[in-house]
Participant: 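Have a look at this one.
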Amino acid sequence: MEIIFLNEANLADWQSKARPNVIALGFFDGVHKGHQKVIGTARREAERTGLPLDVMSFFPHPKTVLSGGKVKVDYLIPLEEKARLLEKMGVDRFYIVTFTRAFASLSPEDYVEQYLLKFGTVHAVAGYDFSYGFKGKGTIDRLHADSGGRIGVSKVEKVQYRREKISSTRIRSAILGGRIAEVRQLLGRCYTTRAEVAGGSLSLKEYYMLPQSGIYDVRIGTGSTWHDAQIYVDSDRQTISFMKQCLLKQIDQQEIAIEWQRRVANHSLYHSVAQ
Ligand SMILES: Cc1cc2nc3c(=O)[nH]c(=O)nc-3n(C[C@H](O)[C@H](O)[C@H](O)COP(=O)(O)O)c2cc1C
Ligand SMILES: Nc1ncnc2c1ncn2[C@@H]1O[C@H](COP(=O)(O)OP(=O)(O)OP(=O)(O)O)[C@@H](O)[C@H]1O
């Protein structure tokens, strides 16, 4: 999979490398079950037509840019992790458009012209609530018309869990609430973060979220094996530590994966046990 960072400076160059494609559109933080349906729909269309499958996403989050940095988005996963997941789903090119105020001011028609038609898009897939162009005025229902009838469009209907839309926002609040079992249902897999182990302490890497304070059953991945463990989270201090230190020696100075399985106790219980 090719990863391409698009900006005003290299836009014309990439337009000149256009080839016909099917593309999935959206931010895709977390690559949850709703996103999987969008990308899966695009993949089937790519297979049917024999065209490459591309994804176009944005960075930083539009909310952060449009608020002038005032709104901070807690990302679920960093770009590298999004790229790993997209590659596993069969994506050929992953475009990441640098989201700036200038980009946000493009009219819906100009976005479609400059970023889809000039990139060779034959068919675009997005969810029922995808929006694009100045003030988000472009909607999936008008994308076909905005392309002058040249781009075929598939709209993915709302994917729900317990009668509510699955969204990145909902997953963020479930993580902050320690509702790890729900997070697993929404993502379609366990939430997995990466951390560094140095001198006996654990630190989460950037662009992952720390669940609510408490004790969690986790699996620790070292690249070669998985170990069952328990982790204590203090979300006020933003720290994580192992309940038993024995694993720490084996994995010192390594980058590990933490697969969050379930929350087994809350903060206060830990303190009464520890005292
Ligand atoms: C060309 C373009 C311009 C946009 N301009 C705005 C804007 O002016 N205001 C806004 O709130 N969002 C704007 N957006 C953001 C979209 O409304 C939407 O949040 C973004 O495309 C991510 O889509 P998703 O959240 O459905 O994945 C723009 C998006 C694109 C692609
Ligand atoms: N539950 C869902 N059902 C169908 N399509 C979805 C769903 N969630 C997102 N999509 C689509 O997936 C693409 C990426 O969406 P986006 O990244 O905005 O997801 P989101 O989870 O709704 O995020 P946020 O919570 O920040 O609004 C868009 O085309 C969007 O319409």
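Every number for a ligand or one of its atoms is a count from 1 in the order of the listing.
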Participant: Which atoms from ligand 2 have a heavy atom of Val38 less than 4.0 Å away?
Facilitator: 5 (N), 11 (C), 12 (O)
Participant: Could an N or O of ligand 2 be found under 3.5 Å from any N or O of Ala126, whether backbone or side chain?
Facilitator: no
Participant: Do the non-hydrogen side-chain atoms of Arg219 and His227 ever get within less than 4.5 Å of each other?
Facilitator: no
Participant: Does an N or O from Gly34, backbone or side chain, lie closer than 3.5 Å to an N or O of ligand 2?
Facilitator: no
Participant: For atom 30 (C) of ligand 2, which protein heavy atom lies nearest, and how many Å away is it?
Facilitator: Asp129 OD1, 3.4 Å
Participant: Consider every N or O of Ile166 and every N or O of ligand 2, then say whether any pair is closer than 3.5 Å.
Facilitator: yes
Participant: Would you be so kind as to tabulate the donor-acceptor pairs closer than 3.5 Å made by side chains of residues 248-257, with sequence neighbours excluded?
Facilitator:
residue	atom	partner	partner atom	Å
Asp252	OD1	Gly199	N	3.2
Glu255	OE1	Lys205	NZ	3.1

Participant: Only counting residues at least two apart or in another chain, list the ones meeting ring pair (Phe, Tyr, Trp, His ring centres under 6.0 Å) with Tyr208.
Facilitator: none
Participant: Could you tell me the residue and atom name of the protein heavy atom closest to atom 5 (N) of ligand 2, and the distance to it rounded to 0.1 Å?
Facilitator: Gly127 CA, 3.6 Å
Participant: Distance alone, cut at 3.5 Å: any donor-acceptor contact between the side chains of Thr193 and Trp260?
Facilitator: yes
Participant: Just to check, does Glu157 reach to within less than 4.0 Å of ligand 2 when the distance is taken from its heavy atoms?
Facilitator: yes
Participant: Just jot down the ring pair (Phe, Tyr, Trp, His ring centres under 6.0 Å) partners of Tyr115, sequence neighbours excluded, or say none.
Facilitator: Phe103, Tyr111
Participant: Are any of the N/O atoms in Val156 less than 3.5 Å from those in ligand 2?
Facilitator: no
Participant: Does ligand 2 have an atom under 4.0 Å from some heavy atom of Arg170?
Facilitator: no
Participant: Does Lys63 reach ligand 2 with a nitrogen or oxygen that is under 3.5 Å from one of the ligand's nitrogen or oxygen atoms?
Facilitator: no
Participant: For atom 27 (O) of ligand 2, grab the closest protein heavy atom and report residue, atom and distance to one decimal in Å.
Facilitator: Thr169 OG1, 4.1 Å
Participant: Using non-hydrogen atoms of the residue, decide whether His35 is closer than 4.0 angstrom to ligand 2.
Facilitator: yes
Participant: Tell me whether the guanidinium CZ or amine NZ of Lys82 lies under 6.0 angstrom from the six-membered ring centre of Phe27 and within 45° of its axis.
Facilitator: yes
Participant: For each nitrogen or oxygen atom of ligand 1, which protein N/O atoms lie closer than 3.5 Å, and how far apart are they, rounded to 0.1 Å?
Facilitator:
residue	atom	partner	partner atom	Å
ligand 1	5 (N)	Ala104	O	2.9
ligand 1	5 (N)	Gly133	O	3.0
ligand 1	8 (O)	Ala104	O	3.4
ligand 1	8 (O)	Lys135	N	2.6
ligand 1	17 (O)	Ser131	OG	2.6
ligand 1	21 (O)	Ser131	O	3.0
ligand 1	27 (O)	Phe27	N	2.6

